[in-house]
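The first residue in the sequence is number 1, and the count goes up from there.
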Amino acid sequence: MRSATLVTFSPKVFVPLTTLCRDVCGYCTFARPPRRGERAFMTEEEVLAIARAGAAAGCREALFTLGDKPELRYEVARDELRALGYETTLEYLERCARLVLEETGLLPHLNPGVMTRAELEALRPVSASMGIMLETTAERLSAKGGPHWASPDKLPARRLETIRLAGEVAIPFTSGILIGIGETREERIDALLALKALGEEHGHVQEVIVQNFRAKPGTRMASHPEPLLDEHLWTIATARILLGPDWHVQAPPNLAFDDFPRLLDAGIDDWGGVSPVTIDHVNPEAPWPELDRLAEATRSRGLELAPRLPVYPEYVSERWLDPAVLPFVRRASDAVSLARDDSWAPGDPVTPPFVVRHDAPPLELVGDELGEEEIARLLEARGEEAQRVFAAADRLRREVCGDVVSYVVTRNIQHTNVCYFRCGFCAFSKGKLAQNLRGAPYLVPREEIVRRVEEAWERGATEVCLQGGIHPAFTGDYYADVVRSIKSAVPGIHVHAFSALEIWQGAATLDLALDQYLGHLRDLGLGSLPGTAAEVLDDEVRRIICPDKVTTKQWLAVHDAAHRVGLRSNVTLMFGHVDGPRSWARHFLRTREQQRLSGGFTELVPLPFVPMEAPIYLQGRARRGPTFRETLLVHAVARLALHPEITNIQASWVKLGPQGTRQALAAGVNDLGGTLMNESISRSAGAEFGQEMPPEGMEELIRSAGRVPRQRTTLYDDAPPERVAASFGAAPLAEPVNPPVKDAGLVAPPRLVRPGLLAAAGEG
């Protein structure tokens, strides 16, 4: 369904695989007969060179354009194909499209002309979409002397049959009409209605192009009059009325020259492919408008320009895309299945592309409380609207928190990387399903945990954070013994430990109610719970990324019980994989509702999905993390949606990096979390940042953003002066000891607790 506020375009490269064609249309300068000394086809190396240049320039589409089956007319085409090892042009096209897809990640869109069902099926596994211009349903234009004379592939019936067959094999398909070649207005309407009928029958016509004829020197129609702009606008408006509000209607901006902004007034919602690398080989006399000019023209109509993929968002699914292509589409997609608008990924050392402006007027929010629709809409903001969302969040942050940015001196201890749960996003856990990932399975002994806590205390820590995998042999007694050992050795340290999954599993293995078990841990010295294992509080998403983990209801139950026994906690949101703005909105709403019930959340911590080594990404089932725009919007909208229930919004410097964190501070963030000392989970997933940011680095980063640093405790009190003093100039850490898990001699029970599966079976 088209957006009411976005106008899209496809950043592409143009790959003219061959300019030979068996048809001789009266207006075409793309197709031409063989020339002595020239190749009939581009080489694979030439194709890849264009694609690589496009990938480097941020393109997402490789548009393959070629004449219809030239081997049926030209011996030179047949000879060259045989020398390449192919019988037909379409076989060679399949090879080149596959190379582009697999070696550059650009998504092929194929325009090879009339095709059979078998040919369409052969090309489907190497393309995101295909297309053929219907141009007209007027058969009289194929008569002698007409624009389609001696062009058998331009017969309307043959073109309509190709479009119909594409629908039968579920190929996202582009078509359109060409106006001004001698057809009447009634014939244009007939062509549009024919496309509408096929689209409604099969659902596959993803866009309709309304293209205007341009006379070209050297063609039979060089002196044919071009359609007036008003005629083009009338046809676009007619297409919009006939097709309805949900169809995508496109007109090429370069063929309207300086008048191209007026195409928006007639009802288009897409500019088509625009290339920063290659010319329009079909209309070489008409250069693409610069993207800045295209964006400015779009904004002049109160709309926002957005890049898309060659396949529209509605078609990014297993129904429409071949299994060989869908992973590449997902990796190129943002959260709403448009094209990623940057090359950044969480944990990647590249400079974040987005710059939060400090002069944008804040968005004024109507009403006292944001609902799901409003939150989701804010999370999809782009351009100037996104800047206004950031400004609104920053203004609210200043009103609530002032200019102070807090952080805590803490040590992270991941006590084991063995886990029997099957979370698709986790590259940290090491088990039989993760043998290809980093590091050997380990288990930190109790005495080593205590040693690390003592070392952290000496270095000024007020908190130790414990999280890890869940070894099959762990019971609730294991977690209790860890807390008891830490508090016996270092009574003053705050123990911030154990996810909702660990708590649920621990209580279940001892056959205790959640509040009983949490009360027991509290009495031993547990201070608070981290909000991990929340991932996204939307079970539609959880069923994909962590099906046997705690459900949304179970996660909330753990934290509700913790708050009722006097333990505070935070809440995280791990986003940017198979989720989207609506699931993020639901996460915020469920968090807000729980906070109103129990009041124990200290902060919300957005955690952008780090994809590089995550199984679900390597398998092609997830996106490449959120874009940087989406990342900033999640922080900003969290500030707006959770106010006034949760007043602290934290940024993960491990995932954002210093430059990304600095921008997040201008988008509603007031806390930078912990100094960490050790961090393994994000780094296992491929993040380049991590390990430690000492207080000196934290405060330098905060001051560089024009803010005031404050060292805090877990519960947001000021850190004691002696702790602050000890934290600066701390001695280097000793090398941690991570013995192989087999050294522990643990034995797993015959039945393992899997809360998510229990809930699915109606038992949890």
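Residues Met130 and Ser127 form a side-chain contact, since some pair of their non-hydrogen atoms from C-beta on lies under 4.5 Å apart. Side-chain contact between Val208 and Leu192 is present, with at least one heavy-atom pair separated by less than 4.5 Å. Two residues are said to be in side-chain contact when any heavy atoms from C-beta on lie closer than 4.5 Å; Leu141 and Glu183 meet this criterion. Residues Val325 and Leu101 meet the side-chain proximity criterion, which asks for heavy atoms closer than 4.5 Å. At least one side-chain heavy atom of Asp153 sits less than 4.5 Å from a side-chain heavy atom of Arg22. Taking 4.5 Å as the limit, some side-chain heavy atom of Val282 sits within range of a side-chain heavy atom of Phe14. The shortest distance between side-chain heavy atoms of Asn212 and Glu226 does not fall below 4.5 Å. Counting heavy atoms from C-beta on, the side chains of Phe30 and Asn283 never come closer than 4.5 Å.
The only option from Val13, Leu123, Val47, Asn111 that meets the side chain to side chain contact (heavy atoms under 4.5 Å, CB included) definition with Phe64 turns out to be Val47.
Side-chain atoms of Arg301 do not come within 3.5 Å of backbone N or O of Asp265 as any donor-acceptor pair. Checked by atom type and distance alone, the side chain of Glu91 pairs as donor or acceptor with a backbone atom of Glu87 at under 3.5 Å. Remark: the backbone N or O of Thr43 is paired with a side-chain donor or acceptor of Glu46 at under 3.5 angstrom. A donor-acceptor pair is defined here as one N or O able to donate and one able to accept, closer than 3.5 Å; such a pair exists between the side chain of Asp334 and the backbone of Leu338. Checked by atom type and distance alone, the side chain of Ser151 pairs as donor or acceptor with a backbone atom of Val24 at under 3.5 Å. At distances below 3.5 Å, at least one donor-acceptor pair connects side-chain atoms of Arg214 with backbone N or O atoms of Leu255. Formation of a donor-acceptor pair under 3.5 Å by the Glu231 side chain with backbone atoms of Leu228 is not found in this model. With hydrogens and angles disregarded, no donor-acceptor distance shorter than 3.5 Å links the side chain of Ser129 to the backbone of His109. Side chain of Glu38 to main chain of Arg35: no donor-acceptor pair is present (N/O by atom type, distance under 3.5 Å, no hydrogens or angles). Not one N or O on the side chain of Arg623 forms a donor-acceptor pair closer than 3.5 Å with the backbone of Arg330.
Taking the centre and axis of the six-membered ring of Trp234, the NZ or CZ atom of Arg185 falls inside the cone set by 45° and 6.0 Å.
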Derivation and outcome, side chain to side chain contact (heavy atoms under 4.5 Å, CB included), residues His232 and Ile179: CA-CA 7 Å; His232 193 197; Ile179 72 163; 3.9 Å; yes
Criterion salt bridge (Lys or Arg N to Asp or Glu O under 4.0 Å) on Arg340 and Glu630, from CA distance to verdict: CA-CA 10 Å; Arg340 298 179 70 86; Glu630 291 167 346; 5.5 Å; no
Full working for side chain to side chain contact (heavy atoms under 4.5 Å, CB included) between Leu90 and Glu119: CA-CA 7 Å; Leu90 295 187; Glu119 289 166 340; 3.5 Å; yes
Step-by-step ring-ring contact (aromatic ring centres under 6.0 Å, His included) determination, His224 to Tyr27: CA-CA 9 Å; His224 187 83; Tyr27 46 78; 9.5 Å; no
Residues Asp258, Arg293; criterion side chain to side chain contact (heavy atoms under 4.5 Å, CB included); working and verdict: CA-CA 10 Å; Asp258 288 341; Arg293 190 178 176 209; 3.0 Å; yes
Stepwise side chain to side chain contact (heavy atoms under 4.5 Å, CB included) check, Val7 with Leu264: CA-CA 9 Å; Val7 175; Leu264 291 166; 3.7 Å; yes
Full working for side chain to side chain donor-acceptor pair (under 3.5 Å) between Thr89 and Glu71: CA-CA 7 Å; Thr89 297; Glu71 69 274 16; 2.6 Å; yes
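Checking Glu314 against His248 by side-chain atom types alone, a donor-acceptor pair falls below 3.5 Å. At a cut-off of 3.5 Å, with distance as the only test, a side-chain donor of Thr235 or Arg188 sits close to an acceptor on the other residue. Remark: the Trp271 side chain and the Thr298 side chain contain an N/O donor-acceptor pair separated by less than 3.5 Å. No hydrogens or angles considered: a donor-acceptor pair under 3.5 Å links the side chains of Glu61 and Ser10. Between the side chains of Glu207 and Thr174, at least one donor N or O sits under 3.5 Å from an acceptor N or O. Side chains of Glu139 and His148: a donor-acceptor N/O pair is absent below 3.5 angstrom, by distance only.
A salt bridge does not link Asp23 with Lys154: every distance from a Lys NZ or Arg NE/NH1/NH2 to an Asp or Glu carboxylate oxygen is 4.0 Å or more. Glu161 and Arg164 are joined by a salt bridge, as a carboxylate oxygen and a charged side-chain nitrogen come within less than 4.0 angstrom of each other. Under 4.0 Å is where a charged nitrogen must lie from a carboxylate oxygen, and between Asp230 and Arg262 at least one such pair does. A salt bridge links Asp68 to Arg159: one of the charged nitrogens lies within less than 4.0 Å of a carboxylate oxygen. The residues Arg624 and Asp348 are annotated as salt-bridged, a charged nitrogen and a carboxylate oxygen being separated by less than 4.0 angstrom.
Atom CG of Leu48 sits about 5.0 Å away from atom CG of Leu99, to the nearest 0.5 Å. Here the CZ atom belonging to Phe9 is positioned 12.5 Å from the CD atom belonging to Gln250, to the nearest 0.5 angstrom. Between the OG1 atom of Thr8 and the OH atom of Tyr312 there is a distance of 4.5 Å, given to the nearest 0.5 Å. Atom CZ of residue Arg331 and atom CG of residue Leu107 lie 11.5 Å apart, to the nearest 0.5 angstrom. Taking CG from Leu155 and OG1 from Thr136, the interatomic distance works out to 11.5 Å, rounded to the nearest 0.5 Å. In this structure, the separation between CG on Leu305 and CZ on Arg382 is 9.5 Å, given to the nearest 0.5 Å.
Heavy atoms of other residues, nucleotides or ligands lying less than 6.0 angstrom from CD of Glu103 number more than 12. The environment of Glu168 atom CD is dense: over 12 non-hydrogen atoms of other residues, nucleotides or ligands sit within 6.0 angstrom. Other residues, nucleotides and ligands contribute more than 12 heavy atoms inside 6.0 Å of the CD atom of Gln619.
For Ala128 against Val311, the heavy-atom pair with the smallest separation is O-CB, 3.9 Å. Contact between Thr219 and Gly26 at its shortest, heavy atoms only, is CB-O, 3.3 Å. The shortest heavy-atom contact between Pro112 and Leu93 is CB-CD2, 3.7 Å. Among all heavy-atom pairs drawn from Gly67 and Pro70, the shortest one is O-CD, 3.7 Å. Closest approach of Phe260 to Leu294, counting heavy atoms only: CE1-CD1, 3.7 Å. The shortest heavy-atom contact between Pro284 and Thr29 is CD-OG1, 4.4 Å.
Ring pair Tyr92/Tyr86 is tilted by interplanar angle, where 30° to 60° counts as tilted.
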